[in-house]
Amino acid sequence: MTHKEIGLVIKERRKKLGVNQQTLADLADVAVNTVVAIERGEGNPQLSTLVTILDTLGLQIDINIKRPNYAAMTGVPL
């Protein structure tokens with residue numbers, strides 16, 4: 001997922017819950033500018049900040065192992 005995709009998921013969930021950015025920031029104990037930046041896919045928030053916001057919204061991050069791009073790593077296509 002890209003920063004923009006994560007931000008869009010957060011924004012959509014926040015709106016679905018009927019919460020504005022300031023309220024989310026207050027509930028997650030972060031600055032409202034942090035919420036705004038994350039929703040725009042900007043900045044580079046600390047993982048703990050992102051997890052706190054996701055948890056506040058009832059979301060979580062799932063980590064999956066993806067198939068390596070061998071062509072990019074070796075220069076040899078599969």
Side-chain angles (χ1 to χ4, degrees):
M1 262 186 137
T2 67
H3 286 81
K4 287 209 176 270
E5 291 169 329
I6 292 169
L8 182 59
V9 168
I10 289 171
K11 184 176 184 176
E12 288 175 353
R13 177 67 174 171
R14 176 182 60 76
K15 286 185 171 189
K16 184 175 182 177
L17 294 173
V19 176
N20 64 34
Q21 290 174 325
Q22 182 63 60
T23 301
L24 174 57
D26 292 343
L27 292 170
D29 197 28
V30 299
V32 68
N33 292 343
T34 300
V35 172
V36 171
I38 291 172
E39 287 188 357
R40 289 182 179 168
E42 300 171 351
N44 191 18
Q46 290 186 355
L47 182 58
S48 60
T49 300
L50 185 58
V51 169
T52 298
I53 290 170
L54 292 172
D55 189 50
T56 301
L57 293 171
L59 299 170
Q60 68 182 26
I61 294 175
D62 289 326
I63 298 175
N64 299 304
I65 298 173
K66 66 180 184 177
R67 183 176 172 185
N69 183 346
Y70 291 107
M73 292 171 40
T74 65
V76 179
L78 289 177

Roughly how far apart are [X] [atom1] and [Y] [atom2], rounded to 0.5 Å?
X	Y	atom1	atom2	result
N20	R14	CG	CZ	7.0 Å
Q22	L27	CD	CG	10.0 Å
L59	I6	CG	CD1	11.0 Å
I53	I38	CD1	CD1	3.5 Å
L24	D29	CG	CG	11.5 Å
T34	Q21	OG1	CD	11.0 Å

Under the salt bridge (Lys or Arg N to Asp or Glu O under 4.0 Å) test, residues paired with R13 that sit two or more places apart: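 R13 satisfies salt bridge (Lys or Arg N to Asp or Glu O under 4.0 Å) with no other residue.
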Which residue in the set K4, E39, M1 passes side chain to side chain contact (heavy atoms under 4.5 Å, CB included) when paired with V9?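 Looking at K4, E39, M1, the match for V9 under the side chain to side chain contact (heavy atoms under 4.5 Å, CB included) is M1.
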Shared hydrophobic cluster, V19 / L8 (ILVMFWY, side-chain heavy atoms < 4.5 Å):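 Not linked; separate clusters.
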I'd like to know whether CD of Q46 has more than 12 heavy-atom contacts from other residues, nucleotides or ligands below 6.0 angstrom.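 Open.
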With a 4.5 Å heavy-atom cut-off, do I61 and L50 have their side chains touching?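 I61 reaches L50 side chain to side chain.
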So which atom in A28 and which in T52 form the shortest heavy-atom distance, rounded to 0.1 Å?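 So the two residues come closest at O-CG2, 3.4 Å.
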Residues two or more places apart in sequence or in another chain: which of them pass side-chain contact (heavy atoms from CB on, under 4.5 Å) with D55?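 side-chain contact (heavy atoms from CB on, under 4.5 Å) check on D55 returns nothing, list empty.
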